[in-house]
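Scroll down for the structure; my scribbles are underneath it.
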Amino acid sequence: MDLATLLPFLVNVIVGGLVLGAVYAIIALGYTMVYGVLQLINFAHSEVFVTGAVVGFEVFRVLRDVALDGYVKLLIALLAAMIVSGALNVVIERLAYRPLRNAPKLVPLITAIGVSLILQDVLRVIEGFQGRFDLTYTLPTAFTTKFCAAASSCAGLGNALRTVGIDLQLKDVILLIVAGLSLAVLNYLVNHTRLGTAIRAVAQDRVTSGLMGIDANRMISATFAIGGALGGISGVLFGMKFGTVNAYSGFDPGIIAFTAAVLGGIGSIPGAVLGGLTLGVIQNLIGVTNVLGSVLGSANLGAIDASYQRIGAFIVLVLILIFKPTGLLGKSNVEKV
Amino acid sequence: MKKTALSLSVLAALALGTAGAQTTIRIASLSPLSGGQSDLGTQIRNGTQLAVNEYKAQFKKLGFDLQLVPYDDQADPATGTAAARKIAADRQILAVVGTLNSGVAIPSSAALQASHVAMVSPANTANQVTDRGLPNMNRIVARDDAQGGAGANFISGTLKAKKVYVLNDKTAYGEGLSAEVEKALKAKSVNVVANEGTEEKSDFSSIIAKIKLQNPDAIYFGGIYNQVGVFIKQLREAGVTTPVIGGDGLDSSELATIAGAGATNIYFTTVAAPIEALPAAKTFAASYQKTFNDTAQGFGAFGYDAAKVVLQGVLNAIRSNGNKLPTRTQVESAIRKGNFTGLLSGAVSFNSVGDRRAATMYVMNITGGKYKLDSSINVKPAKQ
């Protein structure tokens, strides 16, 4: 195999990794938001995210034969998933975390795992009653076609991608745009609005911010609502990208997104994004190591196939935690000690 | 003295009790009833239920109340083994129909071995299932060495592929089957570019990138429909139309549902014949539909056949025991040594390790989401 075929292949693998990483990044934001405010790992987030995916599936299913533009359907799916997942996250916080807020840290952690298991089975029962297990997304056909298939219908960036030989489907491009927009809106919300200022104040010092007239409980609810809405968006993106979800689909991406949040520095919003993208790319690169091995004539590299792509991500995490325990962009919060 | 009198009266009461009421004989089914493979596991349970319904009257005449106890193994070896221990502890259970997954059957049958509970599998294909020579483990389907060979024959003979990409799901089933296919393909000097394992359930992008790079003539995937379906969906969306071949793990109508528009140019070898390929299955399919309000599939029919083997075996053991309740050991040897007839897939008898003496493999094709029989092959186990 020569460089001329290998190079576009590698570029495609990296671009694919970035698309995958964008999904992880948006899920990771859900973990990191809640952690930033409460120092709680919301393990139920993976199910909040699957709930979003299920809502998205239902919207696409119900609207399948309705004559609406594909993008309008997607918008409805995203909005519905944001509302349901956001509300669900608020309810979870109210019922499962708030009563335990002053309990030792291990207690809400255990509740979070419990909530996660309960939600899995609730989702399975709800869909199971309708005879469904694996929910297959029926997307508008345009979404699954190649992005910029013909030179005549493309201009600018699309055409540039095509000439370099980057293979994307339209849905991948949509996914990147939605993820980018969500991140921009979140960034604005947290850093440039009164709500964001209040949330950051609660995150820094709940008691003092209370003395300044901020209702901590309301801000924590708002954080969970935002985190849940992000979970809803990522659920729909996940369903679009991979085609199917079921009640138990949340576990794997949940663990990876959590890893991404830790890798980037948990509590840090840009960190979650960086962590997600990094893990996506690393995973895809490890998945193709055996091809590189065969090109370089190395039997050791040749033995590393796709079955190692998950482990690789965790090895990177362990290395980061050893050499930079706060994560890539995390700050050590000395004032807490 | 007093003690003896008491125990005598207890014994008498027990004897009266058994004479008055019917003795219960229970048959267990062990298959995934929840989780990603529940579609196949439920078929096995339902098929077993139909056979039990059919034989209830015969057992009643002999003074036995026949019951089915379904156990859920969630396609998980640990859960299956725990269920097997429960089965072993329930003295009324004389035999088991199950399991779906070879990975579950291997430890479960070992757990049942000590208490001599016979198992008849409607689905396990891994060689190890019977290669261990356990007296209690039998199967009515062909082995992986037969299935792998059939898959390889099809790839090189019918599809005329010169270059094949092999994938497996890293379970005892998928790895075993893929290894057999790889061996058989290499023997025909077909170029096997990879035999790659993946436990991934949703993201196949790096594998698909490699497939595009290698550009094989055919892809073999030793795995189960819920994983392979997602793979095929993503493969076709990425614009790869290469035929995908698999084993009986693909034998579910769910495969086409998951793959959606990509459910085309797919082939799989299966040990569970499609209902339409079984001459006697019309009435079975009708009563399945009526009882469970669902369409019977291959594993439903084989669950039914495996249950019939078990029930005829128990009846034989009862007869040779003078119409009294047989022991588990008697049932175990009656199943291994019996000749069973009236089954949907033809007559069954087992060799010394529990493999069916003559079994049939079927090659199925999926085009445009529709399943149809492509061809069938008769196979014999290596050991007679």
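Throughout, a chain's letter reflects where its sequence line sits, starting with A, and its residues are numbered from 1.
- Residue pairs meeting the salt bridge (Lys or Arg N to Asp or Glu O under 4.0 Å) criterion with at least one partner in residues 245-255 of chain A, sequence neighbours excluded, are Asp252(A)-Arg310(A).
- Residue Lys201(B) holds its NZ atom at 10.0 Å from CG of Asp134(A), rounded to the nearest 0.5 Å.
- Using a distance-only test at 3.5 Å, with no hydrogens or angles considered, no donor-acceptor pair links the side chain of Glu237(B) to the main chain of Thr145(A).
- Other residues, nucleotides and ligands place no more than 12 heavy atoms under 6.0 Å from the CZ atom of Phe251(A).
- In the displayed structure, Lys86(B) atom NZ is contacted under 6.0 Å by at most 12 heavy atoms of other residues, nucleotides or ligands.
- Taking OG of Ser205(B) as the start and CD of Gln283(A) as the end, the distance is 8.0 Å to the nearest 0.5 Å.
- Looking at Asn284(A) and Asp203(B), their side chains come closer than 4.5 Å, going by heavy atoms from C-beta outward.
- At least one side-chain heavy atom of Arg124(A) sits less than 4.5 Å from a side-chain heavy atom of Ser34(B).
- Of the atoms belonging to Thr136(A), it is side-chain heavy atoms, and not backbone ones, that fall under 4.5 Å from chain B.
- Residues from residues 9-21 of chain A that place a non-hydrogen atom less than 4.5 Å from a non-hydrogen atom of chain B comprise Phe9(A), Val13(A), Leu20(A), given in numerical order.
- Within residues 253-267 of chain B, the residues having any heavy atom under 4.5 Å from a heavy atom of chain A are, by residue number, Glu254(B), Thr257(B), Ile258(B).
- Proximity to chain B is absent for every atom of Lys146(A), based on heavy atoms less than 4.5 angstrom apart.
- Between the side chain of Gln234(B) and the backbone N or O of Gly243(A) there is no donor-acceptor pair closer than 3.5 Å.
- Using a 4.5 Å cut-off between heavy atoms, Glu200(B) contacts chain A through its side chain alone, with no backbone atom that close.
- Sorted by first and then second residue, the side-chain hydrogen bond (donor to acceptor under 3.5 Å, both in side chains) pairs involving residues 48-60 of chain A (not counting sequence neighbours) are Glu58(A)-Arg61(A), Glu58(A)-Arg132(A).
- Only the backbone of Tyr137(A) comes within less than 4.5 Å of a heavy atom of chain B; no side-chain atom from C-beta onward does.
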